[in-house]
Every structure is written in C-alpha cells, then in structure tokens.
Protein chains: 2
Amino acid sequence: MHGDLPGSPTTWQAIRDVMMRRIRTRAYTPGSLIPNEAELAAEFGCARATVNRALQDLAASGFLDRRRKAGTRVMEAPRRKATLDIPLIRNEVEARGQDYEYRPLLREIAPPPGPVAARLHLSGGETMLHVQSLHLADGAPHMFEDRWIVVDTVPAITGADLTRLSPNEWLVRESPYTHGTMEFQAVAAGAAAGPLACAPTAPVLSILRITWMHEAAITHVQEYFTPAFRLGLEL
Amino acid sequence: MHGDLPGSPTTWQAIRDVMMRRIRTRAYTPGSLIPNEAELAAEFGCARATVNRALQDLAASGFLDRRRKAGTRVMEAPRRKATLDIPLIRNEVEARGQDYEYRPLLREIAPPPGPVAARLHLSGGETMLHVQSLHLADGAPHMFEDRWIVVDTVPAITGADLTRLSPNEWLVRESPYTHGTMEFQAVAAGAAAGPLACAPTAPVLSILRITWMHEAAITHVQEYFTPAFRLGLEL
DNA sequence: GAAAATAATATGTCTGCACATAATATTCCT
DNA sequence: AGGAATATTATGTGCAGACATATTATTTTC
C-alpha cells in the first residue's frame, strides 16, 4: 500500500491529490472507511494536522464524509458539483475575443408587475426602477435583459448613469448581495424577439436571477440569450 | 475598528465570518489592501495560523486575492460562482416528492455519428453502445436522454442490465471520471417531442454532457427536459 | 543611469503539542 | 435485562515556532 509518495514534499495539497486519486481509482471504494488521520500521517510521514487539512479540503469538495469518532468515509454518490462562474456579460464576451457593446432600451420608474412583486416578497406598491437593455457581441445581439430594481434597497441607483454602464455592472460594484437564486429554462423568444432579431417562436435560453441583501430584495432580472447561445461549464 | 469580536471564541470560521461581513458591508472596499495576517491576529487575539486559515477560505471562495509579499486585497468583482450540483435524475425527482420511473427505449451497438465522434475525439470506427431512455416523474415525461458510451473505455457496460438501472446510475456507480464538460442550450424539442409528449416546436432545455477518464472519452449524453422544466440553483 | 545583487516583507506551510467535541463502546448498577 | 454513567476514539481546532517562497523595495556595481 506504500509507494505512493516517492519521498516527495509532503504538502497538504500533495496529500489531497494522492487521496483524490485513490478515491477516483477506487483504491478506496464508495461508502468504505478510510484509514484514520494518525495512520495516514504515519504512512505519509507527516504531522496529523497536515493530513487533517487535506481531508478537510476533500470533505468540503464533497468527496469525503467525516464524522467525529465515526471516522472518514468515501461518499457514495460523489455529488459532482459544476462550478459555474457568473461572469459579467462584458467579460464573457471579451473573453471570446469579441467586441462588447451595451445599449440601454428603456428606463422607467414603475410599480412591479404581480409575478415580480410576488417573487421579491413585495406588496406591489413599491417604487421600482425598470430597465431593459441589450448586450451585443461584435455588433450582433447577444442577450436581452429585463430588470427590476428595488429602489428602497438600493436608493443610489436612481442617480446612477446607466447609459454607459450596465445596471448589472453598477450593482456588482456598488451593491453587494448576501444570497440569491437562479433559474434556467428554455422559452420562446416572444417579446425578446425584437431586440434579439430572431423569430418570436425561436427557442432561447432564459435565466431568471434574483438577489437579496438579507431579507430585502435587490433586483429581479430575466435574461434572454440569442438562440445560438450555449452556456458551457467544466466539471 | 475594534469591537467586532466580543471576546467570543476565536475559531477560524468565526474570523472568516467577521471578515466576510466586513467585505460585504464595504468596511474593506473592493480592490483595497486589508491588514496583514500578523495585524489581524493581534486584533482578534489569536495565532497567525488561525487568521491564515480564515483568509485562505475566503480566497478559495473568490472574495480575496492573496499574493506573497503583495498582501491580501478584496477582489474587485467578487466572481460569484454558483455551485450547481448534478444530482441523479432519480434523486432530483424524488427530492420533489414525486415518483420516479425509468423507461429504456432503445439499446444498440453502433458506430458513433460524426458530431459525436468529433466531440469525443474518436475516429468514427469505434464500437459504441447507443441508448435512449425516458425518465418520468409521477408518470409524466420529465427528461429524454440520448446517450453514446465508448465501449473500449467501459467494457463492462455491455454486460450491464440497463432495463432497471439507468445508464447514468450504472456509470456513476461503476465508472468514475476525471473530468468533463456541460453545455446548456435551448432547442426545439424535435425528435425528443415524441417521448416527451410535446410539440416538436416546443422550446426545451437541453444539456450536453461529456465525461472523460483521463484522455479516454467515456460517454456523450444529450438530455432534453420537458418544456415546463426549470433548473434552479442557489448563489 | 541601468542592470544586478541584496534585503525586507507577507503569505504558505509543516511540526508537535494540547485540549475540545461528538459519537460510539463498555461497564456498572438496580 | 434495561438503562445510566463512564471510557474510548476520531476528528476539530488552537498555539507557538520555524522555515520556505514569492514578490517588491533597496542598494550596490559597472
């Protein structure tokens, strides 16, 4: 069982990688107990704290399940988590080497429509900033966004210049959020067909995103991507 | 600047949470340097290693940028990464309190079509297992999957009983993967319309997933969800 | 004045030790 | 036998000290 570390430096990352390999290759099978920290420390020739750091990392990534006294076991269904970073549209477009352009289409103060108010836990009488805008890549429509912002939560938004900076970029910079939700679905382009220059029946990927500052809703955005768009991510 | 910890226990998580709050509330502004580890250790009245553990966690989460000698600064655009766990369809359905059912539709040995071969870096002459199946929730169609499996990479699959266990569940149990990719897009139901019992023009969410064992492709799956489906996740 | 050598600094990490905490195993008592 | 008290065990976390490493700042050299 020895021979995995050829006398190499015993950093906690190195130990994590060896353990990861053992999990992947099923040297440790799903559901089984792995040796305890003291034994592993002896095997790797390092301090127990170093093993502990490595195993904590794997547990945080969902590959191990650790419980005091019960020991450490390999997770049955290694809940593969895809980490999908949510880049600013600008960065996403520019990362592909394309030119980014932002075009504001509408800006008004209005009360929220029923579904928006409901999702944000509002009564419906609040003052909200309603913004529609189009994001372009190399001059072609890329994404149309329909956004509602709760003015009470982010008062400074009313004074923001949203002609050059997109509301999302402004919010990211000026208004941190504590949590939020996202929903992906496929819809017919419908009202977004005009700005996206596609057929109203064309299937488009739509993302609904809602963010919160503690119990106060910040914003509600529905994004409609151009029909050809594919959202890719690594596992 | 003191008074954040009322003499409470100084665990690294507590320190992380205090620092997180300072970032969120802009006590530390984006782009700015925060005090170094020694200073923070003095402030919190703990060892430097404890502060280090806390800051490493925040850096791993993307809130801080740390560099030797340069110090630690708050990330300009806290790249929020949504972690989307990829549950087995069975678990996803059952988590909603619905009955899960799996129905195999097709099973054949065939060479891969061009696009599949290209994405898996195959020549096109390989033996592959082609499987189509339908996943149902409470008796209604939920997802249709069209899967190609590289027999050379997973020889045992040819002997697997896929009439009761879905190929995905079999693969998760028997064949670990090293990495993979996912792509989301909106498409017209098309050929999936039959199994999903919807119009061929209905917009459906489609996920393309490819997994690898080192350089060898394992499987290529195209999943088509029922039109009403929304994929939700937390930020 | 430009390039090279040197110093200073902040983070990265390991070690050995101590004690805390949670969960299980064992013993003891009635 | 049943239940409560106690011991045992594996992980969780803290501490102080030491050295490694990357990067920037400073000084020296030609």
Side-chain angles (χ1 to χ4, degrees), chain A residues 1-2 4-20 22-23 28-76, chain B residues 1 4-20 22-23 28-76 78:
Chain A
M1 191 55 83
H2 279 260
D4 234 323
L5 280 185
S8 48
T10 56
T11 68
W12 67 264
Q13 290 98 330
I15 292 176
R16 175 198 57 195
D17 294 345
V18 171
M19 297 301 287
M20 185 74 237
R22 291 184 185 176
I23 294 170
Y28 298 140
T29 59
S32 67
L33 268 177
I34 70 172
N36 69 35
E37 295 184 351
E39 289 167 341
L40 288 170
E43 185 200 337
F44 289 119
C46 68
R48 186 173 73 89
T50 308
V51 171
N52 180 281
R53 185 71 178 82
L55 298 189
Q56 271 192 29
D57 197 70
L58 288 172
S61 306
F63 293 104
L64 293 178
D65 180 34
R66 322 192 70 205
R67 267 180 307 181
R68 283 167 157 146
K69 166 69 183 181
T72 301
R73 47 183 73 238
V74 180
M75 288 287 255
E76 288 282 0
Chain B
M1 192 55 82
D4 234 322
L5 278 185
S8 47
T10 56
T11 68
W12 68 264
Q13 290 97 330
I15 292 176
R16 176 197 57 196
D17 293 346
V18 170
M19 298 301 286
M20 185 74 235
R22 290 183 187 176
I23 294 169
Y28 298 139
T29 60
S32 67
L33 268 177
I34 71 173
N36 70 35
E37 295 184 350
E39 290 166 341
L40 288 171
E43 186 201 335
F44 291 119
C46 68
R48 186 173 74 86
T50 309
V51 171
N52 180 282
R53 185 70 178 83
L55 298 188
Q56 271 193 31
D57 196 71
L58 288 172
S61 308
F63 293 104
L64 294 177
D65 182 34
R66 323 192 68 203
R67 267 180 309 181
R68 285 167 155 145
K69 166 70 184 180
T72 301
R73 45 184 74 237
V74 180
M75 289 285 254
E76 289 281 358

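Convention: sequence-line order gives letters A, B, ...; per-chain numbering from 1.
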May I have the distance from [X] (atom [atom1]) to [N] (atom [atom2]), rounded to whole angstrom?
{"X": "B/F44", "N": "D/dA16", "atom1": "CZ", "atom2": "P", "result": "16 Å"}
{"X": "A/I15", "N": "C/dC14", "atom1": "CD1", "atom2": "C1'", "result": "10 Å"}
{"X": "A/D65", "N": "C/dA23", "atom1": "CG", "atom2": "C1'", "result": "13 Å"}
{"X": "B/R73", "N": "C/dA10", "atom1": "CZ", "atom2": "P", "result": "13 Å"}
{"X": "A/R16", "N": "C/dT13", "atom1": "CZ", "atom2": "C1'", "result": "14 Å"}

- line: B/S/- along nucleotides 4-13 of chain D (protein heavy atoms under 4.0 Å) is ----BBBBBB
- prompt: OH/B/Y28 to CE/B/M19 distance, rounded to the nearest 0.5 angstrom?
  reply: 4.0 Å
field: Distance, nearest 0.5 Å, that separates CD1 of A/I23 from CG of A/L64
entry: 4.0 Å
message: Please find the pair of heavy atoms, one from A/E76 and one from A/G31, that lie closest to each other, and give the distance.
response: OE2-CA, 3.5 Å
- prompt: Of all residues at least two apart in sequence or in a different chain, which pass the side-chain contact (heavy atoms from CB on, under 4.5 Å) check with A/N36?
  reply: A/A38, A/E39
statement: Quick note, salt bridge (charged side-chain N to carboxylate O under 4.0 Å, His left out) partners involving residues 65-74 of chain A, not counting sequence neighbours, are A/E37-A/R66
- prompt: Hey, mind stepping through B/N52 and B/Q56 against side chain to side chain donor-acceptor pair (under 3.5 Å) and telling me if it holds?
  reply: CA-CA 6 Å; B/N52 180 282; B/Q56 271 193 31; 2.8 Å; yes
